[in-house]
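First up is the structure itself, then whatever we jot down about it.
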Amino acid sequence: MIETRVCIDDMLGPLDCKLDPNNRWNGWLSPHFPLDSARQLSAQTLRLAEECGYDCTDTIHVIEGREGSPDTVHIIEGGPSRYSDDGETMAVAVRVNWRSPSRDAGPAAKITDATPQARKAARRRKPGGRGARRVVIVHIRWQYLDEGGGDAAANVVRPDRDGLFPIGGWEWTWHAVPWWCLCGSDQDWHTLHCECGVTRDQALALEEAAPRIGAILRRLAPEATAVVFETTAAPRIVMVVAGPTELNLSDGGPFDTETLGEADAVLHAALGGDPIEGGAHWLRFPPASR
């Protein structure tokens, strides 16, 4: 298992996880999420369902309680089904036996239809107790609810031996979040070094610093678009360009020593004293705001 970040295009993620890079479905990854990431994913799926409709979106739900508390029933509602003539709201019920002593509360949870009796039970009792905190994570596929009911359309996500929750593996199109190197190539999140010598941490630090460096240099040269810098000693800018045109850094050019020193200081703050292998590198600025 490796640590990485995954996403599904710009719909879900980026989320921290662990995964086996060899465990793939049609090339897609099978991530295992820590609880914090599962909570983030839950919020993202609910937002997506509100935007696109529940009956075409899977949702993830985190139910929290304490070991030793009385049984509880939870009604999870989706939106109205577009295939229903009466516009009835889709829903499932989850009954949890919090008295189960296991760290994994999954076996103590049962998914059923949201009957009137289940709704009454859900109103009657809420999670309580003072025992250890426990969670139950439920994955609901709303599009299949009408076909087989709650127990067929939903399942409890059981944690693995490390307490991580496998969600969407062999089902969703998870892929690694990319990071972009200064050389223009993209790397998977868990790839820490680009072949050009730049590390992921350096690339991310420089991505954050680029707008500040651009703003400093554009005070005297609004047309500036990129720099070339070296890090063999302290990081320093050795070239500034405006599109295809190199700007003069010596006397008679647009820059003074103080401005170049201020930009170099931002570079140094981003990189520290760690040199970047492979010689000089380009750093491009975002377009200037109008």
Side-chain angles (χ1 to χ4, degrees), residues 2-17 21 27 29 37 40 44 173-290:
I2 61 172
E3 294 184 359
T4 188
R5 286 182 182 175
V6 294
C7 63
I8 298 179
D9 299 328
D10 58 352
M11 296 187 299
L12 297 175
L15 297 164
D16 291 328
C17 68
L29 299 170
S37 292
Q40 295 175 49
Q44 292 173 4
T173 55
W174 289 116
H175 57 87
V177 171
W179 61 271
W180 290 89
C181 183
L182 303 182
C183 68
S185 65
D186 64 312
Q187 308 289 335
D188 288 342
W189 189 259
H190 49 273
T191 302
L192 302 182
H193 294 81
C194 178
E195 292 181 356
C196 74
V198 176
T199 69
R200 184 187 72 189
D201 289 346
Q202 289 170 334
L204 295 176
L206 289 167
E207 180 182 10
E208 183 177 346
R212 296 174 57 200
I213 296 172
I216 292 168
L217 297 177
R218 283 170 174 160
R219 292 202 301 255
L220 299 181
E223 69 276 20
T225 55
V227 299
V228 176
F229 67 93
E230 293 181 346
T231 64
T232 50
R236 67 186 186 93
I237 294 168
V238 296
M239 181 189 300
V240 182
V241 300
T245 304
E246 181 178 351
L247 301 180
N248 185 5
L249 296 186
S250 59
D251 293 343
F255 302 108
D256 54 39
T257 302
E258 290 75 14
T259 299
L260 292 174
E262 184 181 355
D264 286 344
V266 175
L267 264 179
H268 189 273
L271 295 174
D274 296 333
I276 296 180
E277 300 176 4
H281 291 270
W282 284 95
L283 181 64
R284 293 166 179 82
F285 312 139
S289 57
R290 297 180 179 276

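Computed from a predicted structure; not experimentally measured. All residue numbers refer to positions in the sequence shown, counting from 1.
The shortest non-hydrogen separation linking H268 to P235 is CD2-CD, 3.5 Å. Across all their heavy atoms, N248 and D251 have their closest contact at ND2-O, 3.6 Å. Listed here is the closest heavy atom pair of Q40 and P14: OE1-O, 4.4 Å. The heavy-atom pair separating L249 from I237 by the smallest distance is CD1-O, 4.3 Å. Of all the heavy atoms in A176 and L29, the pair that sits closest is N-CD1, 3.4 Å. Closest approach of V198 to C181, counting heavy atoms only: CB-SG, 3.7 Å.
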Give the C-alpha distance, both sets of side-chain angles, the deciding distance and a yes or no for side chain to side chain contact (heavy atoms under 4.5 Å, CB included) between W179 and D186.
CA-CA 6 Å; W179 61 271; D186 64 312; over 6 Å; no
Let's go through I216 and T259 carefully: what are the C-alpha distance in whole Å and the side-chain angles of both, what is the deciding distance for side chain to side chain contact (heavy atoms under 4.5 Å, CB included) to 0.1 Å, and is it a yes or a no?
CA-CA 7 Å; I216 292 168; T259 299; 3.8 Å; yes
Check the pair L217, L260 against side chain to side chain contact (heavy atoms under 4.5 Å, CB included), reporting the backbone distance first and the verdict last.
CA-CA 7 Å; L217 297 177; L260 292 174; 4.1 Å; yes
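Rounding to the nearest 0.5 angstrom, the gap separating the CE atom in M11 from the OG1 atom in T173 is 6.0 Å. Considering CD of Q187 and NE2 of H193, their distance stands at 11.0 Å, rounded to 0.5 Å.
With a 4.5 Å cut-off on side-chain heavy atoms, C196 and H281 count as touching. Using a 4.5 Å cut-off on side-chain heavy atoms (C-beta onward), L182 and R284 make no contact. Between R236 and E230, some side-chain heavy-atom pair lies under the 4.5 Å cut-off. A heavy-atom distance below 4.5 Å is not found between the side chains of V6 and W189. In this structure the side chain of M239 reaches within 4.5 angstrom of the side chain of E246, judged on heavy atoms.
No side-chain donor-acceptor contact under 3.5 Å links S37 to the backbone of C17. In this structure, the side chain of Q44 engages the main chain of G13 through a donor-acceptor pair within 3.5 Å.
At a cut-off of 3.5 Å, with distance as the only test, no side-chain donor of D188 or T191 sits close to an acceptor on the other residue.
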Do any side-chain atoms of residues 202-215 form donor-acceptor pairs under 3.5 angstrom with protein atoms, and if so which ones, sequence neighbours left out?
| unit_1 | atom_1 | unit_2 | atom_2 | d |
| --- | --- | --- | --- | --- |
| Q202 | OE1 | T199 | N | 3.0 |
| Q202 | OE1 | T199 | OG1 | 3.3 |

May I have the list of side-chain donor-acceptor pairs in residues 221-229 shorter than 3.5 Å, sequence neighbours left out?
| unit_1 | atom_1 | unit_2 | atom_2 | d |
| --- | --- | --- | --- | --- |
| T225 | OG1 | V241 | O | 3.3 |
| T225 | OG1 | G243 | N | 2.9 |

